[in-house]
Every structure is written in structure tokens, then in C-alpha cells.
Trainee: 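The structure under discussion is supplied below as C-alpha cells; questions concerning it will follow.
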Amino acid sequence: MKLMLAQKRVIILYIIRNGQYATAAVSKRDGNSTSISSNYLGKIIDEEQGIFWSRKRGLFKFDIETGEYSDAPDDISARYDPHDKNLDYISSTIFGDVYVLNEFLYKSGLMSVIDTLPCKNKDTLHSMILFYALSDLANCDAAEWYKGTVAHLLYPNASMNSQRISEFLAEIGKDEVTYNFQKKYISFVFSQYDPDRNILVDSSGVPNDIHFDLTRVSNHNGKVSNEIRLALVFQSKTGLPLFYTAVPGNVMDVTTLERIFAHLEAMHVKVDSCIMDAGYNSAANLDMFYANDKKCICDYITRTKCNSKQLTDMVSKALPGLICADNIVQYGNRYLYMVKQTIKVGVDEDKPAFLYLGLDCEQYGLNIIHMCQKAKKEPLTADEVNDIMTNSGFVGFISSHDYSCEEMLPQYYKRQFAEQTFDLMKHYTKLLPVRVQTLETFHGHLLLSYIVSCALRMIQIKMKEAGGFLGSKLRLLLFKPAIVYSDMLVTDWSDADLNEVCTALEIKYPRKIRIKDGRLQYTPPNPDVSGNMYDKINAKKKRGRPAKKTHEQETQQQVLGITQTKRGRGRPKGSKNKKTLGKEAQGQILGTSTTKRGKGRPKGSKNKKTLEREQALSAGTVTTNPI
């Protein structure tokens, strides 16, 4: 590292990496303000004269004292060949995870949707998608990640320094850009994955203490924090995200549902059914699902709020007969007592619906244990004990469709897709922590996080049949390096984990790839546009050879009126092979018996030694000693 003071107010921080590459950080003071810019110089050709080479600028001279660029001297340009093997070096780079994810984005067709974003530098866009999916580093460290992975050979023209990234996020974070992308993405999902119009709606808080318009004080379920509310719409069948919107943290979920449906309608999405949490349950919102004639036009399921009068009334009426064997339902390892009744919903309470009351046995037991522990420290009155015993572990659901009690829990808990995706976004797609300073860059940051979460959910769908876990498999591919030569990249040995991922994602892992002018020479795969990808992925192939001959035989027997039962395994009882039949035929001719001898020596038979001993005793030549 070299620190140099230039003329007047320019300070150059000149950093050399590994003796071969250099970066210059230029600090300029203008009055009371100071600005710093970081410039990657590239490969060092002549350090004393300040001659460098980079893919962006080619061969150039950098004045360390003034921070200015100029052409390299003719004598150096004449003798320097950037592709000369004597000047190039052999290095190692992270390859596996970047290459596999990049291939999947192209093969799935999602990259074609991503490329519709009006971004000036597509290399930056593609590199940032890979960075958000595969790295936990902050955006200010994106350049280091980029240079250490094969991304710099896949997309050599990307601008990954901190200032350029902020400009890039602001560029793609415009409202018209984000909503236009979502419209095209929804069309892509319906055409290529599944046309399912049944949706899940949920929201989650994004903690954020950076001051811009969306950051507000939120009181959600009794927890007070500075946050942004992120609302997402999911496809019920596949769990794929379909739409997102960010609202200020103090905006209640119940006020956002109508606007979410308006966005979906504007994007030509006609919703068939909706599952939503209790936060969206209100009389006005339930009226949205009914026509003027009080007929339900869009089925829905929602959880009731704890203080719902309908729920408390049903508890008081149904509790005496609730706990009985006829009311037990099972969902996974949970057991509940559940009953239902018809109710009226809406502002005027004139729309028909069904209310389901459940008593969760596990939650009820935990509340009783907690009550007993509390009673050891502080005695409880009889009214307090009765209140806990009669109000613990209850859960309620409202549905427009008449489900049985056994069907209600599996239907409602399809919304677990939402919880899983929020967890994915917060832990795998760099949504948290929020490391941007302006509202414009936040919208771009949120869009990248959303795109990556969609891609990772698609990978989960593909890997489901292979039994692979998304997080661990992508992390393992991080340790699959490649050796970079002057004109070729050679990958590391493959193993079971790599083969499993590539098989599940239908990706061919290369052994080598040519390099020309600093870019990998390979053609990305064409997208699979055959449609309804979800059903194809989840359709299990029947093992064994198709029974073509059996089908032909059954058809012939039907024509002839012959019925034939399928023979069991093994030889039919009492049947005889060819050898046995031959022996029996020979015995009949000779008059001898051919009955099969049982196992072991025949009863009463004697071996050769016993017969000789008996003969000696009868001849008197052997005497026996008394015991």
C-alpha cells in the first residue's frame, strides 16, 4: 500500500494487491466537503511508470500524483500483448455455485424476464443477481466477491464498485420499472410453471432504522419497532411469489388488501381463491369476495382475530360438547377438537360463511402448565383459573367454502409457503440488513431480493424430487473452484453433491471452457418453454418397463371374452419340473416308486461303520466291555 499526497487538495491512496493488481482511491476536498472515489486500475505492467492494463481501458498510464489517466507510451504499447502467455498467470477462482445458478437462470427462462429490465449494463445486472443469491457480503464489498469468482469471466463488463452499485439500484428501483417487471414475471409464471390463480397473501416486517419515507414505528402483535411492511402474494399450488409491494411500517395490513387486489386486477390476474392471515380479516375486506346478490365470487379462508365476538360466542356455546372423540382431527403431529357452524359476515352481516372452532390440544396443555408454574409463585383466584381453562388453545377460521373439519387445517396452512419465502428472503437473498441510504436505492435492493427469492423457490421445486436441501447444496458448490489459465478454464473434480444438484437441475457441468478477450466462450442454455413446468417436475415416473405386452394380452382377452387372473410369484403349488416328470415316467415303466425322499437319513437305516460292527459281533470276534 502506498499513500501519496498530490498537489493541492488531491490525496491518492494507491493499493497493490498480490503484487499484480492495483486500485487507486482518490480523495478530493471542495470547501468543507470531501468526496472519495475508488478506481480499479487492473494489472500492473510497469509500476514505476504507472502503466496498467484492464479490460475496460486496455493499456493506459495513471498519474499517481494527480489521479489522471492517459495513453501508455508507444514503446510499451508496441511490445505489450495483453494475451501473451509470458505475462498472464495461473490463478484459482470460485466456480461451482456461480456457474450452476447462472445456468439455471437461463434454462428456467427467468433470465429472459430479468433482461427486460431497462438496465444500461446487463453485465452488472446479471452479476448483481448472482451476488445477492450467493454472498452475505455488503454491497460495498461486491467488487471483491466479483473478482474472486468466475462472475468476472462470465460478465467482464460489470461495474461492481460501491458508487456504481448505488446508481444501478436507483436505476432499476423506479416504480414504473418494478411494476412492469412484475407484470411480465406473472405472465411468465402462468405460462411456464402453472396457471393456478389461487393465491396466498401475507406480510412481514423489514426492520430498518435508516430514515426515509417507508420507515415508520410499527406495533405489530405487541412488538414495537422501526420497520417497513413488505406484503407478498404467492401462488397457492407452487408457492412461487407473484407480486410484492412495500408500505410504511405504521400501515395496518387490513388497509392494504383492497389495493393489492387492485394491482392484480390491473395486471390481468383474476383471482380464484385467497388464503390470508388474521391481519387482513375485517368486515369490509370480506365484502370484497361477494357480489351484490350476496353470492361469493372468490373463495377465501382467513383466521379470526382473538377478540372476535363470533369466535367468543361460539366458544361459549360449543365448549360443553366440544371435547369428544367425534370432534378429533389430526394435522401432522397436532391433534385438535374442531366443530363448525354457519355465520353471516360483512359490514351488514348478511353474507353466508362458515366458522370453524378448534381447540389445539398441545397449546392447551402448554397454557395449563404455564398456569401451574405461575400459581407456584403467586396464588390464582378461582375466576382467574376458570378464565385460563376456558380461553386457552382456541383457534378460529372463516371460510366461504364448506370444508369438512378434517380439510380445514390442510387448506389454511398452505400459507406456510409464505413463511418459508419470507425466511428465504431475510436469510438468503440479502434483504436484511438494509444497507442502502435512500428510498430509490431501497426499491432497487428490494427488487433484486425479490428476483433472487423467486429463483431460489424455483430451484427448491426442481430439487424436491431429488431430496436435496437448497441451502446446504448451494453452499457446498461454493467449494468447487476452477483453475484459470491464459486461454482456458479447467474445473475441479466432480463429486456426489455436485452430481446430485446438476442432475436435479438438468445442468451439464463442464470440464473446461475456453477464454477469449477476458470472457468465457460458452453459450448459455436455451430456456425450457414447454409450459406447466410444475406438474412435469412433480410427476413421479413409474418404475420398471412399461407393460406393453400385458396391455396387448388384456385387449385380446376382452375381445375373446376370456378372463385371466394374474399369477402370483414363484412356481405354482404342486407343479413339477422337467427332470421330475422324466423320473416319474421311468419309474412307471420299470415298476419302481419314484416318491421323493424326505430330508435326512431314512428312519432305521444304518451307515457302513455300524453294519461292519454288527457283522463282527455276530461272528464273535469282538467283545464289548461292560460299563
Side-chain angles (χ1 to χ4, degrees), residues 21 23-25 36-42 54-58 93-95 97-106 108 110-178 180-182 184-185 429-431 434-456 515-524:
Y21 290 87
T23 298
I36 298 177
S37 61
S38 177
N39 299 316
Y40 174 64
L41 301 179
S54 68
R55 297 186 186 93
K56 183 177 181 180
R57 296 179 179 273
T93 188
I94 296 173
F95 180 81
D97 56 349
V98 176
Y99 179 83
V100 169
L101 179 58
N102 186 73
E103 286 282 288
F104 177 78
L105 291 174
Y106 277 102
S108 65
L110 183 58
M111 190 66 89
S112 61
V113 185
I114 294 172
D115 282 337
T116 62
L117 289 170
C119 176
K120 297 176 183 178
N121 190 334
K122 297 298 183 183
D123 278 13
T124 301
L125 173 63
H126 297 169
S127 297
M128 288 298 293
I129 293 291
L130 298 172
F131 175 63
Y132 265 59
L134 301 173
S135 175
D136 297 328
L137 297 173
N139 287 351
C140 60
D141 298 318
E144 299 300 322
W145 173 88
Y146 172 75
K147 288 181 287 187
T149 68
V150 76
H152 76 279
L153 295 174
L154 282 169
Y155 305 111
N157 296 324
S159 298
M160 299 292 283
N161 61 65
S162 182
Q163 184 177 356
R164 299 287 85 79
I165 288 178
S166 297
E167 295 172 357
F168 163 76
L169 293 178
E171 182 182 7
I172 66 171
K174 299 175 182 177
D175 286 344
E176 59 271 21
V177 173
T178 58
N180 187 58
F181 171 82
Q182 293 190 72
K184 293 178 180 178
Y185 167 73
T429 70
K430 296 172 67 63
L431 179 62
V434 178
R435 296 188 176 110
V436 293
Q437 302 298 320
T438 65
L439 184 60
E440 293 76 14
T441 53
F442 173 75
H443 281 303
H445 166 74
L446 185 57
L447 177 60
L448 286 184
S449 180
Y450 174 76
I451 292 172
V452 171
S453 67
C454 296
L456 295 185
I515 301 174
K516 184 178 181 181
D517 296 331
R519 184 185 289 270
L520 291 183
Q521 298 298 295
Y522 93 107
T523 303

Trainee: Take L125 and F168 through the side-chain contact (heavy atoms from CB on, under 4.5 Å) test and state the conclusion after the steps.
Mentor: CA-CA 8 Å; L125 173 63; F168 163 76; 3.7 Å; yes
Trainee: Quick one: side chain to side chain donor-acceptor pair (under 3.5 Å) partners of S449, sequence neighbours excluded?
Mentor: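 For S449 the side chain to side chain donor-acceptor pair (under 3.5 Å) partners, ignoring immediate neighbours, are T429.
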Trainee: Roughly how far, to the nearest 0.5 Å, is the CG atom of L448 from the CD1 atom of I129?
Mentor: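 It comes to 5.0 Å.
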Trainee: If I take atom OH from residue Y185 and atom OH from residue Y450, how far apart are they, to the nearest 0.5 angstrom?
Mentor: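 Answer rounded to 0.5 Å: 5.0 Å.
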Trainee: Got a sec, which residues hit ring pair (Phe, Tyr, Trp, His ring centres under 6.0 Å) with H445, two or more places apart in sequence or on another chain?
Mentor: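 Here the qualifying residues are Y132.
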Trainee: List for me each residue that meets side chain to side chain contact (heavy atoms under 4.5 Å, CB included) alongside P524, sequence neighbours excluded, and say none if there are none.
Mentor: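 So P524 forms a side chain to side chain contact (heavy atoms under 4.5 Å, CB included) with Y106, Y522.
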Trainee: Restricting to ring pair (Phe, Tyr, Trp, His ring centres under 6.0 Å), what partner residues turn up for H443, sequence neighbours left out?
Mentor: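 Residues passing ring pair (Phe, Tyr, Trp, His ring centres under 6.0 Å) with H443: none at all.
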Trainee: Spell out, as yes or no, whether a donor-acceptor pair under 3.5 Å connects the side chain of K516 to the backbone of Q521.
Mentor: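 Checking the backbone N and O of Q521 against the side chain of K516, no donor-acceptor pair under 3.5 Å is found.
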Trainee: Taking side chain to side chain contact (heavy atoms under 4.5 Å, CB included) as the test, write out the residues that go with T438, two or more places apart.
Mentor: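 Once residues adjacent in sequence are excluded, the partners of T438 under the side chain to side chain contact (heavy atoms under 4.5 Å, CB included) criterion are E440, T441.
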Trainee: Rounded to the nearest 0.5 Å, how far apart are CG of L134 and CG of D97?
Mentor: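 That separation rounds to 4.5 Å.
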Trainee: Test of understanding: with side chain to side chain contact (heavy atoms under 4.5 Å, CB included), list the residues that count as partners of D123, not counting sequence neighbours.
Mentor: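 So D123 forms a side chain to side chain contact (heavy atoms under 4.5 Å, CB included) with N121, Y155, P156, N157, A158, R519.
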Trainee: With side chains defined as the heavy atoms from C-beta onward, is the minimum distance between H126 and L154 less than 4.5 Å?
Mentor: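 A side-chain contact is absent here, since even the closest heavy-atom pair is not under 4.5 Å.
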Trainee: Which residues satisfy the salt bridge (Lys or Arg N to Asp or Glu O under 4.0 Å) test with D136, sequence neighbours excluded?
Mentor: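 D136 satisfies salt bridge (Lys or Arg N to Asp or Glu O under 4.0 Å) with R475 only.
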Trainee: Quick one: which residue pairs count as a side-chain hydrogen bond (donor to acceptor under 3.5 Å, both in side chains) with a foot in residues 165-176, not counting sequence neighbours?
Mentor: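 Non-adjacent pairs meeting side-chain hydrogen bond (donor to acceptor under 3.5 Å, both in side chains): R164-E167.
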Trainee: Evaluate side-chain contact (heavy atoms from CB on, under 4.5 Å) for M160 paired with E144, printing each intermediate quantity in order.
Mentor: CA-CA 9 Å; M160 299 292 283; E144 299 300 322; over 6 Å; no
Trainee: Sequence neighbours left out, what passes salt bridge (Lys or Arg N to Asp or Glu O under 4.0 Å) with R435? Give chain and number order.
Mentor: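 Applying salt bridge (Lys or Arg N to Asp or Glu O under 4.0 Å) to R435 gives none.
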Trainee: List for me each residue that meets ring pair (Phe, Tyr, Trp, His ring centres under 6.0 Å) alongside F95, sequence neighbours excluded, and say none if there are none.
Mentor: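 By the ring pair (Phe, Tyr, Trp, His ring centres under 6.0 Å) rule, F95 matches Y99, Y509.
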Trainee: How far does CE of M111 sit from CD1 of I451, to the nearest 0.5 angstrom?
Mentor: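 The CD1 atom of I451 is 10.0 Å from CE of M111, to the nearest 0.5 Å.
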Trainee: I'd like to check the side chain to side chain contact (heavy atoms under 4.5 Å, CB included) partners of A455; sequence neighbours left out, ordered by chain and number.
Mentor: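 Once residues adjacent in sequence are excluded, the partners of A455 under the side chain to side chain contact (heavy atoms under 4.5 Å, CB included) criterion are L105, L110.
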Trainee: Which distance, rounded to the nearest 0.5 Å, do you find between the CG of L117 and the CD1 of I172?
Mentor: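 These two atoms lie 6.0 Å from each other.
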Trainee: If you take all heavy atoms of Y146 and A151, which pair is closest and at what distance?
Mentor: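 Distance-wise, the nearest heavy atoms are CE1-O, 3.6 Å.
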Trainee: Is the side chain of T116 donor-acceptor paired with the backbone N or O of V113 at a distance under 3.5 Å, no angle test?
Mentor: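 Side chain of T116 to backbone of V113: a pair is present.
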Trainee: Report the residues that fulfil ring pair (Phe, Tyr, Trp, His ring centres under 6.0 Å) with F442, sequence neighbours left out, ordered by chain and then residue number.
Mentor: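 For F442, the residues satisfying ring pair (Phe, Tyr, Trp, His ring centres under 6.0 Å) (neighbours in sequence not counted) are F212.
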Trainee: Closer than 3.5 angstrom, by distance alone: can the side chain of T149 be matched with the main-chain N or O of W145 as a donor-acceptor pair?
Mentor: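 A pair under 3.5 Å: yes.
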